Amino acid sequence: MSDQPYTVSAPEAADRDRWRQLYRAYADFYREPVSDEQLDRVWSWLTDPAHDVKALLVRDRTGRVVGLAHYRPYFRPLAATVAGHLDDLFVEPAARGTGAVDALLDALRTVARRRGWAKIRWITADDNHRARSKYDQVAERTMWVVYDMPVPGPS
């Protein structure tokens, strides 16, 4: 057993049902209805190696999935670069404040470095105060309540 509280990896077929539970909870948080068909479509994207949308799942010491992150590349014409866009980030309430989100963001930085992305950008609801307090620690707030997270080169 690892001494690290969390591990992060891409989803596997066996993660489908737990991912669905978490993603439905994420949609509920934002009061967005999501159908089984939509869940199936997003899962198909996440598990298709050729699709641009990817996922990371964070697991606790027991191997239970407690959070997710969905991301993809986006083009920045004014900078003539490609960066990463974090579409969805969710950690179940019991795992919040325990390092699970830090593990997801660290893994996402690693993905960004590997892909040559200079930053990762995301948006959140203005009233998502708990998440925003974390984002303010790791990213730069823009006037659009969009976060740009610098991805430093390897040490």
Side-chain angles (χ1 to χ4, degrees), residues 1-75 82-125 128-135 137-139 146-155:
M1 184 165 290
S2 170
D3 62 340
Q4 297 298 315
Y6 294 102
T7 58
V8 178
S9 62
E12 299 176 4
D15 297 321
R16 182 179 176 271
D17 290 343
R18 181 64 179 142
W19 171 86
R20 286 173 72 94
Q21 291 172 347
L22 290 170
Y23 201 49
R24 193 174 292 281
Y26 172 78
D28 289 347
F29 176 82
Y30 281 111
R31 295 180 183 90
E32 288 288 332
V34 63
S35 68
D36 287 340
E37 179 183 72
Q38 288 171 290
L39 291 170
D40 290 343
R41 183 177 310 126
V42 173
W43 181 254
S44 75
W45 293 346
L46 300 176
T47 57
D48 177 355
H51 201 282
D52 284 339
V53 177
K54 303 295 180 201
L56 295 170
L57 301 180
V58 62
R59 299 170 196 280
D60 65 15
R61 281 191 173 103
T62 69
R64 184 172 189 269
V65 176
V66 298
L68 59 82
H70 299 156
Y71 64 94
R72 61 185 161 80
Y74 82 94
F75 297 92
V82 178
H85 186 83
L86 176 60
D87 286 295
D88 309 311
L89 180 65
F90 183 78
V91 171
E92 70 179 5
R96 293 178 188 161
T98 66
V101 77
D102 297 301
L104 280 167
L105 292 173
D106 287 345
L108 191 54
R109 280 187 197 95
T110 298
V111 168
R113 250 185 241 104
R114 190 173 61 238
R115 293 180 177 208
W117 297 343
K119 66 175 66 181
I120 300 161
R121 176 172 285 170
W122 64 91
I123 62 172
T124 193
N128 192 358
H129 301 292
R130 180 166 184 165
R132 287 183 56 198
S133 69
K134 180 59 172 181
Y135 301 160
Q137 295 172 18
V138 299
V146 173
Y147 291 82
D148 287 344
M149 181 171 52
V151 180
S155 304

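Residue indices begin at 1 and follow the sequence shown. Every value quoted in this text rests on a predicted model; they were computed, and no experiment measured them.
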Colleague: Determine whether Tyr30 and Thr124 satisfy the following criterion, side chain to side chain contact (heavy atoms under 4.5 Å, CB included), listing intermediate values before the conclusion.
Modeller: CA-CA 10 Å; Tyr30 281 111; Thr124 193; 3.1 Å; yes
Colleague: List the atom of Gln38, the atom of Ser35, and the distance in Å for their closest heavy-atom pair.
Modeller: OE1-N, 2.7 Å
Colleague: When rounded to the nearest 0.5 angstrom, what distance separates CH2 in Trp45 from CG in Asp52?
Modeller: 10.5 Å
Colleague: Report the relative orientation of the aromatic rings in Trp43 and Trp19; use parallel for angles under 30°, tilted for 30 to 60°, perpendicular for over 60°.
Modeller: tilted
Colleague: Got a sec, which residues hit ring pair (Phe, Tyr, Trp, His ring centres under 6.0 Å) with Phe29, two or more places apart in sequence or on another chain?
Modeller: none
Colleague: Does the side chain of Arg18 pick up a donor-acceptor pair with the side chain of Gln21 at under 3.5 Å?
Modeller: yes
Colleague: Are the side chain of Asp15 and the backbone N or O of Glu12 linked by a donor-acceptor pair below 3.5 Å?
Modeller: yes
Colleague: Just to verify, what does Thr110 make a side-chain contact (heavy atoms from CB on, under 4.5 Å) with, not counting sequence neighbours?
Modeller: Arg113, Arg114
Colleague: Kindly write out the residues that satisfy salt bridge (charged side-chain N to carboxylate O under 4.0 Å, His left out) with Asp87, not counting sequence neighbours, or none if the list is empty.
Modeller: Arg72
Colleague: Would Tyr23 and Val42 satisfy side chain to side chain contact (heavy atoms under 4.5 Å, CB included), going step by step from the backbone distance to the final call?
Modeller: CA-CA 10 Å; Tyr23 201 49; Val42 173; 4.3 Å; yes
Colleague: Can you tell me if Lys54 uses its side chain to pair, donor with acceptor, with the backbone of Thr47 under 3.5 Å?
Modeller: no
Colleague: Would you please test Arg109 and Asp102 for salt bridge (Lys or Arg N to Asp or Glu O under 4.0 Å) and show each step?
Modeller: CA-CA 10 Å; Arg109 280 187 197 95; Asp102 297 301; over 6 Å; no
Colleague: Hey, what do you get for CD1 (Ile120) to NE2 (His85), rounding to the nearest 0.5 Å?
Modeller: 11.0 Å
Colleague: Please find the pair of heavy atoms, one from Ala100 and one from Ala95, that lie closest to each other, and give the distance.
Modeller: CB-O, 4.0 Å
Colleague: Restricting to non-hydrogen atoms, name the atom on Ala55 and the atom on Pro11 that form the minimum distance, rounded to 0.1 Å.
Modeller: O-CD, 3.4 Å
Colleague: Heavy-atom distance under 4.5 Å between the side chains of Arg115 and Tyr71, does that happen here?
Modeller: yes
Colleague: Please give me the minimum heavy-atom distance between Tyr74 and Gly84, naming the atom from each residue.
Modeller: CE2-O, 3.3 Å
Colleague: Are any of the side-chain heavy atoms of Val34 and Arg20 separated by less than 4.5 Å?
Modeller: no
Colleague: Ignoring hydrogens, what is the shortest heavy-atom contact between Val82 and Pro73? Give both atom names and the distance.
Modeller: CG1-CB, 3.8 Å
Colleague: Measure the shortest side-chain to side-chain distance between Leu104 and Tyr6 over non-hydrogen atoms and say whether it is less than 4.5 angstrom.
Modeller: no
Colleague: Would you compute the distance between atom CG of Leu56 and atom CG of Asp106 and round it to the nearest 0.5 angstrom?
Modeller: 11.0 Å
Colleague: Please round to the nearest 0.5 Å and tell me the distance separating atom CE of Met149 and atom CH2 of Trp117.
Modeller: 10.5 Å
Colleague: Going by heavy atoms in the side chains, are Glu92 and Val65 under 4.5 Å from each other?
Modeller: no
Colleague: Hey, does the side chain of Asp60 reach the backbone of Gly63 with a donor-acceptor pair shorter than 3.5 angstrom?
Modeller: yes
Colleague: Between Arg96 and Val101, is any pair of side-chain heavy atoms under 4.5 Å apart?
Modeller: no
